[in-house]
*Asks:* 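Before we start, here is the structure in question, set down as C-alpha coordinates.
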Amino acid sequence: TQLLEQSPQFLSIQEGENLTVYCNSSSVFSSLQWYRQEPGEGPVLLVTVVTGGEVKKLKRLTFQFGDARKDSSLHITAAQPGDTGLYLCAGGEMNTGFQKLVFGTGTRLLVSP
Amino acid sequence: DSGVTQTPKHLITATGQRVTLRCSPRSGDLSVYWYQQSLDQGLQFLIQYYNGEERAKGNILERFSAQQFPDLHSELNLSSLELGDSALYFCASTKGQGSNYGYTFGSGTRLTVV
(Lines give C-alpha, C1' and ligand atoms only; values in the text may rest on other atoms or scores of the structure.)
Protein backbone atom coordinates (compact mmCIF):
# COMPACT_ATOMS: atom_id res chain seq x y z
CA THR A 1 0.00 0.00 0.00
CA GLN A 2 1.27 3.44 -0.93
CA LEU A 3 1.83 5.89 1.94
CA LEU A 4 1.06 9.60 2.10
CA GLU A 5 2.82 11.77 4.67
CA GLN A 6 1.35 15.11 5.57
CA SER A 7 3.12 18.02 7.20
CA PRO A 8 2.75 19.68 9.50
CA GLN A 9 0.72 17.39 11.75
CA PHE A 10 -0.67 20.31 13.76
CA LEU A 11 -0.99 23.97 12.95
CA SER A 12 -2.33 26.69 15.23
CA ILE A 13 -2.56 30.15 13.70
CA GLN A 14 -4.36 33.46 14.05
CA GLU A 15 -7.17 34.59 11.80
CA GLY A 16 -5.82 36.32 8.69
CA GLU A 17 -2.59 34.33 8.44
CA ASN A 18 -1.62 32.24 5.41
CA LEU A 19 -0.63 28.59 5.61
CA THR A 20 0.46 25.67 3.47
CA VAL A 21 -0.07 21.98 4.10
CA TYR A 22 2.05 19.42 2.29
CA CYS A 23 1.26 15.88 1.21
CA ASN A 24 4.17 13.72 0.06
CA SER A 25 4.76 10.21 -1.17
CA SER A 26 7.40 8.20 -2.97
CA SER A 27 4.65 6.63 -5.08
CA VAL A 28 2.77 7.91 -8.10
CA PHE A 29 -0.98 8.43 -7.82
CA SER A 30 -3.66 8.56 -10.51
CA SER A 31 -5.40 11.39 -8.68
CA LEU A 32 -5.06 13.39 -5.51
CA GLN A 33 -7.92 14.58 -3.40
CA TRP A 34 -8.21 16.85 -0.39
CA TYR A 35 -10.85 16.44 2.28
CA ARG A 36 -11.77 18.37 5.40
CA GLN A 37 -13.15 16.58 8.40
CA GLU A 38 -14.86 18.16 11.40
CA PRO A 39 -15.35 16.44 14.77
CA GLY A 40 -18.06 13.79 14.70
CA GLU A 41 -18.44 13.93 10.94
CA GLY A 42 -17.07 12.14 7.92
CA PRO A 43 -14.50 13.71 5.59
CA VAL A 44 -15.94 16.10 3.00
CA LEU A 45 -14.34 16.36 -0.44
CA LEU A 46 -12.78 19.74 -1.21
CA VAL A 47 -11.09 19.08 -4.56
CA THR A 48 -9.78 16.43 -6.93
CA VAL A 49 -6.68 16.97 -9.10
CA VAL A 50 -5.75 14.43 -11.76
CA THR A 51 -3.10 16.02 -13.97
CA GLY A 52 0.54 16.45 -12.92
CA GLY A 53 1.21 20.16 -12.32
CA GLU A 54 -2.49 20.97 -12.05
CA VAL A 55 -3.50 23.92 -9.89
CA LYS A 56 -7.04 24.44 -8.67
CA LYS A 57 -8.42 27.38 -6.70
CA LEU A 58 -11.47 27.35 -4.47
CA LYS A 59 -11.97 30.84 -3.10
CA ARG A 60 -9.14 31.22 -0.56
CA LEU A 61 -7.85 27.66 -1.04
CA THR A 62 -5.28 26.75 -3.68
CA PHE A 63 -4.45 23.13 -4.43
CA GLN A 64 -1.50 21.91 -6.47
CA PHE A 65 -0.63 18.44 -7.76
CA GLY A 66 3.07 17.85 -8.23
CA ASP A 67 4.47 17.40 -11.73
CA ALA A 68 5.44 13.80 -10.98
CA ARG A 69 2.06 13.11 -9.33
CA LYS A 70 3.74 12.10 -6.07
CA ASP A 71 2.94 15.13 -3.96
CA SER A 72 0.44 17.90 -3.41
CA SER A 73 0.00 21.07 -1.44
CA LEU A 74 -2.92 23.03 -0.03
CA HIS A 75 -2.47 26.75 0.54
CA ILE A 76 -5.00 28.79 2.49
CA THR A 77 -4.93 32.57 2.24
CA ALA A 78 -6.23 34.74 5.08
CA ALA A 79 -7.38 31.81 7.21
CA GLN A 80 -10.66 32.12 9.08
CA PRO A 81 -11.95 30.27 12.18
CA GLY A 82 -14.33 28.38 9.88
CA ASP A 83 -11.28 26.76 8.25
CA THR A 84 -10.57 24.87 11.49
CA GLY A 85 -10.60 21.11 11.02
CA LEU A 86 -8.64 18.04 10.02
CA TYR A 87 -7.30 18.23 6.47
CA LEU A 88 -6.68 14.93 4.72
CA CYS A 89 -5.05 14.29 1.38
CA ALA A 90 -5.89 11.06 -0.40
CA GLY A 91 -4.30 9.42 -3.41
CA GLY A 92 -5.87 7.08 -5.93
CA GLU A 93 -3.73 3.95 -6.14
CA MET A 94 -2.65 3.14 -9.66
CA ASN A 95 -1.76 -0.53 -9.32
CA THR A 96 -5.21 -1.94 -8.79
CA GLY A 97 -7.93 -2.52 -11.36
CA PHE A 98 -10.48 -1.15 -8.96
CA GLN A 99 -9.03 2.00 -7.53
CA LYS A 100 -9.16 2.80 -3.88
CA LEU A 101 -8.08 5.88 -1.99
CA VAL A 102 -5.13 5.88 0.36
CA PHE A 103 -5.41 8.62 2.97
CA GLY A 104 -2.63 10.75 4.36
CA THR A 105 -1.74 11.09 8.01
CA GLY A 106 -3.75 14.32 8.37
CA THR A 107 -3.08 17.95 9.38
CA ARG A 108 -5.08 19.37 12.25
CA LEU A 109 -5.63 23.10 11.77
CA LEU A 110 -6.85 25.51 14.44
CA VAL A 111 -7.57 29.08 13.45
CA SER A 112 -8.14 31.42 16.38
CA PRO A 113 -10.06 34.70 16.10
CA ASP B 1 -26.60 15.54 4.91
CA SER B 2 -24.19 13.78 2.51
CA GLY B 3 -26.74 11.22 1.36
CA VAL B 4 -24.76 8.32 2.84
CA THR B 5 -26.51 6.97 5.92
CA GLN B 6 -24.74 5.03 8.63
CA THR B 7 -26.36 3.38 11.63
CA PRO B 8 -25.97 3.25 14.52
CA LYS B 9 -24.11 6.48 15.26
CA HIS B 10 -22.71 5.17 18.53
CA LEU B 11 -22.17 1.64 19.77
CA ILE B 12 -20.77 0.49 23.10
CA THR B 13 -20.15 -3.20 23.55
CA ALA B 14 -18.02 -5.62 25.52
CA THR B 15 -14.94 -7.53 24.43
CA GLY B 16 -15.71 -10.78 22.68
CA GLN B 17 -19.03 -9.56 21.33
CA ARG B 18 -20.18 -9.20 17.71
CA VAL B 19 -21.70 -6.09 16.13
CA THR B 20 -23.10 -5.12 12.73
CA LEU B 21 -22.67 -1.68 11.22
CA ARG B 22 -24.97 -0.62 8.42
CA CYS B 23 -24.48 1.74 5.50
CA SER B 24 -26.89 2.99 2.84
CA PRO B 25 -25.03 4.60 -0.07
CA ARG B 26 -26.05 7.81 -1.80
CA SER B 27 -28.85 7.27 -4.31
CA GLY B 28 -27.40 6.03 -7.61
CA ASP B 29 -24.02 5.06 -6.18
CA LEU B 30 -22.97 1.47 -6.79
CA SER B 31 -19.68 1.34 -4.89
CA VAL B 32 -19.39 1.19 -1.12
CA TYR B 33 -16.13 1.52 0.79
CA TRP B 34 -15.48 0.88 4.47
CA TYR B 35 -12.77 2.71 6.40
CA GLN B 36 -11.60 2.55 10.00
CA GLN B 37 -10.32 5.71 11.67
CA SER B 38 -8.38 5.60 14.91
CA LEU B 39 -6.21 8.27 16.53
CA ASP B 40 -2.94 6.48 15.93
CA GLN B 41 -3.65 4.90 12.54
CA GLY B 42 -5.60 7.51 10.64
CA LEU B 43 -8.10 6.43 7.99
CA GLN B 44 -7.44 2.83 6.98
CA PHE B 45 -9.14 1.20 4.02
CA LEU B 46 -10.95 -2.02 4.91
CA ILE B 47 -12.95 -3.23 1.92
CA GLN B 48 -14.80 -2.15 -1.22
CA TYR B 49 -17.93 -3.50 -2.89
CA TYR B 50 -19.28 -2.67 -6.31
CA ASN B 51 -22.83 -3.64 -7.23
CA GLY B 52 -22.86 -6.51 -4.76
CA GLU B 53 -19.40 -7.90 -5.45
CA GLU B 54 -16.23 -7.52 -3.43
CA ARG B 55 -13.69 -5.50 -5.46
CA ALA B 56 -10.77 -4.61 -3.21
CA LYS B 57 -9.55 -5.56 0.23
CA GLY B 58 -7.34 -3.58 2.52
CA ASN B 59 -6.20 -4.10 6.09
CA ILE B 60 -9.32 -5.96 7.13
CA LEU B 61 -8.94 -8.45 9.96
CA GLU B 62 -10.23 -12.00 9.58
CA ARG B 63 -12.63 -11.28 12.46
CA PHE B 64 -14.27 -8.66 10.25
CA SER B 65 -16.49 -9.34 7.25
CA ALA B 66 -18.76 -7.33 5.02
CA GLN B 67 -21.31 -7.69 2.28
CA GLN B 68 -23.35 -5.58 -0.08
CA PHE B 69 -26.97 -6.52 -0.62
CA PRO B 70 -29.10 -6.33 -3.82
CA ASP B 71 -30.56 -3.01 -2.67
CA LEU B 72 -26.90 -1.81 -2.45
CA HIS B 73 -26.83 -1.22 1.28
CA SER B 74 -23.81 -2.72 3.00
CA GLU B 75 -23.09 -4.21 6.38
CA LEU B 76 -19.79 -4.54 8.19
CA ASN B 77 -19.69 -7.34 10.77
CA LEU B 78 -17.12 -7.19 13.54
CA SER B 79 -16.76 -10.25 15.77
CA SER B 80 -14.69 -11.34 18.78
CA LEU B 81 -14.24 -7.68 19.52
CA GLU B 82 -11.09 -6.45 21.24
CA LEU B 83 -10.35 -3.15 22.97
CA GLY B 84 -8.20 -2.17 20.01
CA ASP B 85 -11.19 -2.32 17.68
CA SER B 86 -12.55 0.84 19.27
CA ALA B 87 -12.58 3.40 16.47
CA LEU B 88 -14.73 5.37 14.08
CA TYR B 89 -15.97 3.31 11.16
CA PHE B 90 -16.86 5.19 8.00
CA CYS B 91 -18.69 4.14 4.92
CA ALA B 92 -18.29 6.02 1.64
CA SER B 93 -19.89 5.63 -1.76
CA THR B 94 -19.22 6.50 -5.40
CA LYS B 95 -21.12 6.04 -8.65
CA GLY B 96 -18.45 3.98 -10.37
CA GLN B 97 -15.52 1.88 -9.30
CA GLY B 98 -12.80 4.49 -9.62
CA SER B 99 -11.59 6.98 -7.09
CA ASN B 100 -10.99 9.99 -9.33
CA TYR B 101 -14.29 11.69 -8.61
CA GLY B 102 -14.12 11.65 -4.86
CA TYR B 103 -15.89 9.75 -2.18
CA THR B 104 -19.02 10.79 -0.31
CA PHE B 105 -18.70 9.77 3.32
CA GLY B 106 -21.32 9.06 5.92
CA SER B 107 -21.12 10.47 9.44
CA GLY B 108 -19.62 7.28 10.79
CA THR B 109 -20.28 4.84 13.60
CA ARG B 110 -18.27 5.34 16.78
CA LEU B 111 -17.55 1.92 18.26
CA THR B 112 -16.37 1.66 21.84
CA VAL B 113 -15.32 -1.74 23.12
CA VAL B 114 -15.13 -1.98 26.91
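Below, chain A is the first sequence line, B the second, and so on; all start at residue 1.
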*Asks:* Please flag which part of B/Q37 lies under 4.5 Å from any non-hydrogen atom of chain A: side chain, backbone, both or neither.
*Replies:* side chain
*Asks:* Working to the nearest 0.5 angstrom, can you tell me the gap between B/L43 CG and A/T105 OG1?
*Replies:*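 It is 11.0 Å, given to the nearest 0.5 Å.
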*Asks:* For the residue pair A/Q37 and B/F90, establish whether any side-chain heavy-atom pair is separated by less than 4.5 Å.
*Replies:* yes
*Asks:* Any chance NZ of B/K9 has more than 12 other-residue heavy atoms, nucleotides or ligands included, within less than 6.0 Å?
*Replies:*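 Result for NZ/B/K9: enclosed.
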*Asks:* Is the ring centre of B/Y35 less than 6.0 Å from the ring centre of A/F103?
*Replies:*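 Judged by ring-centre distance (under 6.0 Å), B/Y35 and A/F103 do meet the cut-off.
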*Asks:* Which of the residues B/G42, B/A92, B/S107, B/G108 is involved in the greatest number of heavy-atom pairs with chain A at under 4.5 angstrom?
*Replies:*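 Of the candidates given, the most pairs with chain A belong to B/S107.
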*Asks:* Chain B heavy atoms under 4.5 Å from A/L32: which part of the residue, side chain, backbone, both or neither?
*Replies:*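 Neither part.
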*Asks:* With the side chain counted from C-beta on, respond yes when B/Y103 and A/L101 share a heavy-atom pair under 4.5 Å apart, and no when they do not.
*Replies:*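 Yes, their side chains come closer than 4.5 Å.
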*Asks:* If you draw a 6.0 Å radius around CZ in A/R36, do more than 12 non-hydrogen atoms from other residues or ligands fall strictly inside?
*Replies:* yes
*Asks:* Can you establish whether the number of heavy atoms outside A/K56 located under 6.0 Å from its atom NZ is more than 12?
*Replies:*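 Counting neighbours around NZ of A/K56, more than 12 heavy atoms of other residues, nucleotides or ligands fall under 6.0 Å, so yes.
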*Asks:* Report whether B/V19 and B/I60 are members of the same hydrophobic cluster (ILVMFWY, side-chain heavy atoms less than 4.5 Å apart, transitive linking).
*Replies:*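 Same hydrophobic cluster.
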*Asks:* Quick check on B/I12: does its CD1 atom have over 12 non-hydrogen neighbours (other residues, nucleotides or ligands) under 6.0 Å away?
*Replies:* no
*Asks:* Please check if A/Y35 and B/F45 belong to a single hydrophobic cluster, counting links between Ile, Leu, Val, Met, Phe, Trp and Tyr side chain heavy atoms closer than 4.5 Å.
*Replies:*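 Shared cluster, yes.
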